Every structure is written in structure tokens, then in C-alpha cells.
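Positions are given from 1, in the same order as the sequence printed here. Values reported hereafter were calculated over all heavy atoms of this structure, with side chains retained and with hydrogens, waters and symmetry mates removed. Ligands are counted one by one from 1 in listed order, and the atoms in each one are counted from 1 as well. Quick caveat: nothing in here was measured; it's all calculated off a predicted structure.
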Amino acid sequence: MGPVPAALLDDPRTHLLVLTGAGVSAESGIPTFRGIDGLWENHRVEEVASPSGFEADPALVWRFYSMRRRAAKGCLPNRAHQALVLAEQALGPRFLLATQNVDGLHRKAGSRRMIELHGSLFRTRCFGCDLPEFEDQRAFEDGVVPRCERCKRGALRPGVVWFGEALDPRHLEEVDDFMVQGAREGRLVFLAVGTSGAVYPAAGLVHRARRLGAETWLLNADPADNGGAFHHFLQGQSGELLPALLSRR
Ligand code: OAD
């Protein structure tokens with residue numbers, strides 16, 4: 001599998017930032033976005049994952065997310081998720097996971113030092129008011145659109161970041177602080193896994209990491225759109241590559 005960095009987890013200077021994408025959940029049975037050609041039941045994903053899509057047809061959007069809630073609930077974490085839990089245990093505060101996945105599988109596996117950049121399938125908030133986001137496992141598949149108890153006007157919506165929406169700036173700040181501190185105190189390693197590098201700002205993290213002097217790795221089944229920015233590229237399945245890369249001596 002090419003050069004393996006000597007004792008990544010055993011090196012006391014290592015500060016490891018991992019960015020994961022849909023490819024990490026593929027081996028758990030959750031289809032990737034580009035894997036379904038960006039289509040769901042002939043709707044473009046942007047149509048069912050955007051504020052304008054929700055305004056146009058909230059029941060359709062809830063059907064899409066209810067199906068995804070159901071699918072994710074029935075899936076189990078795989079060896080890639082587990083390898084990241086072990087890395088967190090080995091590195092403690094020198095580890096951070098930033099995921100674009102909303103399926104909750106990292107949490108189910110046991111990851112805690114984790115930022116869900118694109119939110120979570122299992123949270124709900126209001127489209128019309130600032131009702132605090134809450135845990136929610138419910139499915140709305142029969143054309144019913146849940147309403148907000150607080151403002152009584154707004155429709156409830158999934159707590160995920162949609163196309164055209166901004167990420168929580170506190171999340172980006174936390175990721176940036178981790179990188180700055182890692183670069184200052186030790187050996188900063190940035191590892192992107194199972195992500196096509198097509199969606200920003202996540203796809204831009206590698207550039208920031210490079211500017212800070214990080215060692216950068218990409219583990220992906222196919223070449224990524226931003227692949228040229230990485231020092232190392234290992235092509236294959238994350239369930240095999242990640243445990244190998246993060247194995248301890
Ligand atoms: P994509 O579906 O764009 O890319 C998944 C990547 O994983 C592809 O490049 C595949 O080659 C790769 N892949 C598939 N199976 C794999 C495996 N078993 N092991 C390793 N790699 C594998 O998913 P993301 O990059 O996560 O945004 O997409 C980024 C964002 O765009 C998503 O979070 C979502 C999407 O539209 C929102 O929903 C806001």
C-alpha cells in the first residue's frame with residue numbers, strides 16, 4: 001500500500017486531524033452521493049437537500065430524510081470507523097475527527113472527539129424560528145410535515161447542512177484551532193478518507209493544512225477532485241486502508 005508513516009500513533013509529536021466523507025460509510029451499506037449519480041428516485045440530490053427544495057416540497061424532503069434515517073439506523077459501523085476510535089484512544093487530545101457524514105456511524109462506533117460538519121440525520125430544528133435543535137429518530141414518510149411547537153408557524157426540518165447553507169463557524173474555528181496548535185506543538189498530520197473533495201469548505205481543509213506545514217494523506221477508492229493537494233494517496237477501501245495506516249507497532 002505504499003509508504004506507511006513510521007509509527008503515526010506511537011509518535012508523541014503526532015497531532016492527527018481526520019476528515020471523513022461518505023466513502024467511509026459505504027462498507028456499512030450506506031450509498032455515497034456520487035455513487036447514486038447524485039440522484040434519489042430521479043430527483044437531483046440538490047433538490048431534496050437545499051432550502052429552496054424544502055420550500056418547494058417539504059413532504060418530499062422529509063420522505064428523503066426519513067428514508068435515510070431508517071437506513072442509517074439499521075447500519076453498523078465498519079473497520080474504518082473502529083480504526084478511528086482506536087486512534088482517538090491512542091492520541092487523546094492530539095486527535096480530532098471532522099466528518100461530513102450525517103449518518104451517526106462514527107458516534108455509534110464510539111468516536112467522541114468529533115465534529116459533525118454537516119450536522120446529523122438524527123437531529124431536527126425549525127425552518128422558521130431559532131428553536132434549539134433536538135434529538136429525533138422519527139420518520140415522516142406519508143406526506144405529513146411536522147410543525148414547530150414553539151412558533152406554531154414553521155415547519156420542522158432535518159438538522160443537516162444543506163447545499164447553499166453555511167457551516168457552523170464555531171466548527172470551522174475548532175478545526176482550525178486544532179491544526180494551528182498541532183503545527184505549533186508537534187507533527188501535524190491531515191488525513192482525508194472516503195471523500196471526493198468536491199464540496200467546500202471541507203475540500204479546502206487540505207490547503208490550509210499544507211500552509212501550516214502538515215503531512216497530508218488521502219485514502220479513497222477513486223482519485224479525488226482535490227487529490228493533487230495531498231502528499232500521499234492510497235487508493236482502495238477505507239475499511240482496509242485505515243486500520244493498516246493507523247496500526248500500532
Ligand atoms: P461523495 O459521494 O462525493 O464521495 C465519496 C467518495 O468516497 C468517492 O470519491 C468514492 O470514490 C469514495 N469511496 C466510495 N467507497 C469507498 C470505500 N469503501 N472506501 C474509500 N473510499 C470510498 O461523498 P462526500 O465527499 O462525503 O453534503 O460528499 C461531500 C458532501 O457532498 C456530503 O457531505 C454531502 C454531499 O453532497 C451535504 O449533504 C451538505
Could you tell me whether His118 and ligand 1 have an N or O pair separated by under 3.5 Å? yes
Close-contact set for ligand 1 against Thr195 heavy atoms, below 4.0 Å: 6 (C), 7 (O), 24 (P), 25 (O)
Validate the cation-pi geometry between Arg157 and Trp162: distance from NZ or CZ to the six-membered ring centre under 6.0 Å, angle to the ring axis within 45°. yes
Please list, in number order, the atoms of ligand 1 under 4.0 Å from a heavy atom of Gly236. 19 (N), 20 (C)
Quick one: which ligand 1 atoms are inside 4.0 Å of a heavy atom on Ala221? 11 (O), 13 (N), 16 (C), 20 (C), 21 (N), 22 (C)
For Asp176, what residues pass the side chain to side chain donor-acceptor pair (under 3.5 Å) criterion, not counting sequence neighbours? Arg208
Checking side-chain polar atoms at under 3.5 Å, does Asp225 have a donor or acceptor matched by the opposite partner on Ser196? no
Quick one about His81 and Ser111 (side-chain donor to acceptor, distance below 3.5 Å, no hydrogens or angles considered), yes or no? no
May I ask you to list the atoms of ligand 1 that are less than 4.0 angstrom from any heavy atom of Asn220? 6 (C), 7 (O), 8 (C), 9 (O), 11 (O), 12 (C), 21 (N)
Considering the heavy atoms of Asp222, write down every atom of ligand 1 situated less than 4.0 Å from one of them. 10 (C), 11 (O)
Suppose I only count heavy atoms of Gly21 and a 4.0 Å limit; which atoms of ligand 1 are within that range? 26 (O)
Spatial distance of atom CD (Glu165) from atom CG (Leu167) [nearest 0.5 Å]: 9.5 Å
Report, in ascending order of atom number, the atoms of ligand 1 lying under 4.0 Å from any heavy atom of Glu27. 17 (C), 18 (N), 19 (N)
For Val45, state whether at least one heavy atom is located under 4.0 Å from any atom of ligand 1. no
Honestly, for Ala22 the part within reach of ligand 1 (heavy atoms, under 4.0 Å) is both
Using a 6.0 Å cut-off, check whether atom CZ of Arg150 has over 12 heavy atoms from anything other than its own residue. yes
Tell me, yes or no, whether the heavy-atom count around Glu41 atom CD, taken from other residues, nucleotides or ligands under 6.0 Å, exceeds 12. yes
May I ask which of Pro223, Ala224, Ala26 has a heavy atom nearer to atom 15 (N) of ligand 1 than the others do? Ala26
Counting each atom of ligand 1 from 1 as listed, which ones have a heavy atom of Gly194 under 4.0 Å away? 5 (C), 6 (C), 7 (O), 21 (N)
Does only the side chain of Gln237 get under 4.0 Å from ligand 1, or the backbone, or both, or neither? Count heavy atoms. both
For ligand 1, note which part of Thr32 has a heavy atom under 4.0 Å away: side chain, backbone, both or neither. both
To the nearest 0.5 Å, tell me how far Ser120 OG sits from Asp103 CG. 8.5 Å
ILVMFWY cluster membership beyond Ile30 - transitive side-chain contacts under 4.5 angstrom: Leu105
